[in-house]
Each structure stands twice: as structure tokens, then as C-alpha cells.
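Since this is a predicted model, take the numbers as computed values, not measurements.
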Protein chains: 2
Amino acid sequence: MTEAQETRERILEVAQRLFAERGLEATSVRDITSEAGCNVAAVNYHFGGKESLYVEAFRAMLGPLRDQRMAMIDELMARAPAPTLEEYLARFAEGFLEPLADESLGRRFMLFVSREITDQKLPTGLFLDEFIRPLITRAVSSLDRVGVPMTPEQSFYCIFSLIGQLLHAVKGQHMSEQLERTGAASFDLGGFIEHFVRFSAAGIRACALGAPIPETVLTGRES
Amino acid sequence: MTEAQETRERILEVAQRLFAERGLEATSVRDITSEAGCNVAAVNYHFGGKESLYVEAFRAMLGPLRDQRMAMIDELMARAPAPTLEEYLARFAEGFLEPLADESLGRRFMLFVSREITDQKLPTGLFLDEFIRPLITRAVSSLDRVGVPMTPEQSFYCIFSLIGQLLHAVKGQHMSEQLERTGAASFDLGGFIEHFVRFSAAGIRACALGAPIPETVLTGRES
DNA sequence: GACAGAGTCAAACGGATGTTTCATATTGCC
DNA sequence: GGCAATATGAAACATCCGTTTGACTCTGTC
């Protein structure tokens, strides 16, 4: 149990890191086993193949991180004084982006997610059913309780806008070293979160009002 | 010139489609040549290698589409009555998402872009310097002329939010068949553009006002 | 007709990949 | 100790990959 399963855990750890960093096809079994300090056959012995290892590496992160995010939302919703929309968005962004700061499980998972959205490698349904859909459902229902009631369709589009911005920030940070190396505006995570909260709060409130687009009903709005 | 260069064009056309759809590593030279109806050696003869073909396939789309987008922005900015923010955003979204509707060059290019943001395969600088940066620069400067003056940093973050939402929409549509196949809310492009305009117009105006958000909100701590 | 060059093709090359085989070592149990 | 199950390792296996080779066909020129 001790020595034997340790190899399995070591492979899983290295696989999570390399798959997240380089993707499925750019990571060879030999890359993993050489870093894990074991034989190539160990992957097939413990996991049954490269593809199964990829799924297992994803699964091992999926449950804990999804539940952690949901718990964060639930905790926020259960507060005695209902949180403001700004509070809600700030926590939403932090829960999304905070793991990216350090070399953590959360960072790896977000890179996985980012990759999986671009092109799907996991079995159909796993990613969508066990992560995306529960999270969207929870997020949509939670929007109703921060003072901006909407139709389900409006909520869905708003969540879509939030996640789009945050996923782009994931990559923006990943590209930041190149951006700032060439002298352009550098990407500051704290600054972006502040922007995200202000931008999205106004956007959500505008959608809740439900005014048709051409009208300039928002021109005189104050913060 | 006729028969000879036709093979080159056929390879380039198939390469654009397959690279956009599957990515660089998931597309083999033999996949391309078999669909193009020629020998594997033709790729190396006409393009010098797989990687060069990838770059060439991207370059062949880059110039026209970038210029088209910039021309669209310029045309909008040159109007006698300055466009409203809503008009500006609607055109911005259409220019971004319209190519996705059909099987066009624009669609392939956006899939390329989407892929390249996730993990870079093109030579450093090509993608960033010849597409991203010019577009951001143009977009940032154009924001000043629709009645919402901001600091460069504010503009940059706002453009970031816009592009994040739109790129996510690119993938959202790509995943839409799966989403609606499982009975969830389907992704409607027209509906999303309408939402995008309302959401983003309010967000941009809120950022232009520039009221700072209380620190206690961002950190989640009580004062 | 002879020649040169461009373009195409089947075939093979060298390398990397995921996987399997089989021998060996270790462990737990009687 | 004996033994079966578990785990590991070196090597081989079967593909697939991008690329190269060399022969072949065509075309235009002299």
C-alpha cells in the first residue's frame, strides 16, 4: 500500500501538471514517467492507458474544486444580510482567478478547463455535465438573490458574460509576460478584478432592467 | 501556373480548414494531402514543411480579415453623427461573430485565434504584433470617440472584457450543439449580441464614471 | 529530338509514440 | 520457507509521424 500506491500518486501528480501545462497530445507518456521516476509500463498498469490517465487526472480535481466553488456561492447566499451585487461579483471573480496566482491544484484545473473548452478531449458529457452545467445552474439561481431578478435567459447570458471575461483573464495572465515584454499595458490581476466588478455590476443591472437596446436609458446613470 | 499552383492552393485550403478545426498537432500531413488529393511530398515541396504550412495558412487569412475589421471600425468612426455606444458595440460584436455563422474564412480564422490564445503555436510576435495589438490599439482609441472618455488603462480593461465575452461566444456556439442536445438552454447568436450590447454599454459607462469601489467589497472583509 | 526544369508520386527513412511482453523483484499471507 | 499476488523494469512491438529520396511525367525551349 505504501510504496506501491505512491507510484500511482506520483504519476497522477505529474500527469496533472504536464497535461494542464501542455495539453494531452503534447505530453507523452515518457515525459510523465521520466519525471515521476518510474517505468513507462506503470501508466498502463495503474491507469490502463494514457487517455484513461488524462480522464483520471481531470476527475481527481473536478470533484473537490467544483464543490469548493459551490460551497463558496452557497456561503455567500446564506449570509444574514444579503450580499450586494458588487460583493457577489468580487467573490465570484476571486473564486475563479485566485487559484491562478500560485502553482496550485486550482491553477491546473483552470488550465484544464481552458483547454477543454477550446477542444474537447474528455469523454462527452463528463466536463459538461459534472462541472459546467451544475456551476451555471447554481450561479444562475444565485443571481436572483442579490437584488437583480431576471428571466432564466437573461441570467444565462449574464453568467455567460461573466465566465467569458474571467476565462479570458485566465489566458490574459498566461500571456501577460509576452504583452508586457513588448511594452504594452501589463495585465494586473487585482486591477482587472476591480474593473470586472464595476463593469459587470453595471451590465447585470442594465440587463435586469430589461430595456430594449436602442434607447439610451442608461446615459444619465450614476454609480 | 494553372495545374501546378492549383495543388498548392488546394493544400492551403484544406490545411486552413483542418488546422482551424482540429489544431496543429491533431492534424497530420497525410490528413491534409489525402483530402487535397496529392502526395505527402507536395507539402514539403510547396511549403517547406508542416510548420511553415501552418504559418502560411494563418498568414493567408490574417491580412484581409484584420484590415476588414479595422476598416469597419474606421468607417464607424468617420460617420458624420458620431455613433452611439450601443451602435459601436453592435458593430463590434457583428464584426467579431458574423463570420462564425457560416463556413467562411472568417470562421476558420476565429477558430485559429481561439486556439492560438490557448496555446501558442505560431512564431512569437506574429499573432500578437500583427493582429492582437493593432486591433486593441484601434479599438481603444475608437472608444474615446463614442462619448465615454477613459484613461488608457480603463479602455484596455474594457476592451479586454469585450473580447473575453466575444471569444467565449465563439466557443459557446461551437459547443452549442452539445448544450442543446442535452436539453439545456440553447445558445442563440442574435440573442447574445443583443445581450452583449446592453450588458457592455452599461459596463463601459460605469467604468468611464470611474467611481472607486470600496475596499471592503473587493476583499470581502467587514470594515 | 534533346534537354532542362517543375511537379508529382510511391517508397522508404529515422524518430517518436502508446502499448505489450516477459522476466524480475517485492510484498503479504499460510 | 513457500507461494501467489502485486508491482516494477528493460526491451521489444506496432504504428504513426514529418521528411527525404529518386524515379517518373509533363511542359516549354532550343
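In this structure, the CD atom of A:E6 is 12 Å from the P atom of C:dT27, given to the nearest Å. The interatomic distance linking A:R8 (CZ) with D:dT6 (P) rounds to 15 Å, in whole Å. One can place CD1 of B:I32 at 13 Å from C1' of D:dC17, the figure rounded to the nearest angstrom. We find that OH of B:Y54 is positioned 14 Å from P of D:dG18, with the value rounded to whole Å. In this structure, the NZ atom of B:K50 is 8 Å from the P atom of D:dT19, given to the nearest Å. Atom CZ in A:F47 sits about 14 Å away from atom C1' in D:dA7, given to the nearest Å. The interatomic distance linking A:E25 (CD) with D:dC16 (P) rounds to 15 Å, in whole Å. Atom P of nucleotide C:dT17 and atom CG of A:D31 are separated by 6 Å, given to the nearest angstrom.
Set against D:dG9, C:dT19, D:dG18, the side chain of A:N44 has C:dT19 as its closest nucleotide. Set against C:dG18, D:dC17, D:dT8, the side chain of B:R30 has D:dC17 as its closest nucleotide. The side chain of A:A41 sits closest to D:dG9 out of C:dG7, D:dG18, D:dG9.
The closest side-chain donor-acceptor pair between B:H195 and A:S161 falls under 3.5 angstrom.
Between A:E13 and A:R108, some side-chain heavy-atom pair lies under the 4.5 Å cut-off.
Using a 4.0 Å heavy-atom distance criterion, A:V40 is classed as a base contact. At the heavy-atom level, B:S52 lies nowhere under 4.0 Å from the strands shown.
Taking 4.0 angstrom as the limit, A:T7 places none of its side-chain polar atoms (N or O) nearer than this to OP1 or OP2 of D:dA7. The shortest distance between the side-chain N/O atoms of B:S28 and the OP1/OP2 oxygens of D:dC16 is not below 4.0 Å. Neither OP1 nor OP2 of C:dT8 sits under 4.0 Å from any side-chain N or O of B:N39. Contact annotation: A:H46 reaches the phosphate of D:dT8 (side-chain N/O to OP1 or OP2, under 4.0 Å).
B:S200 contributes no side-chain N or O that, together with a main-chain N or O of B:V197, makes up a donor-acceptor pair within less than 3.5 Å.
Closest of all the heavy-atom pairs between B:F109 and B:L62 is CE1-CA, 3.8 Å.
Of the charged side-chain nitrogens involved, none lies within less than 4.0 Å of a carboxylate oxygen, so that A:E116 and B:K171 do not count as a salt-bridged pair.
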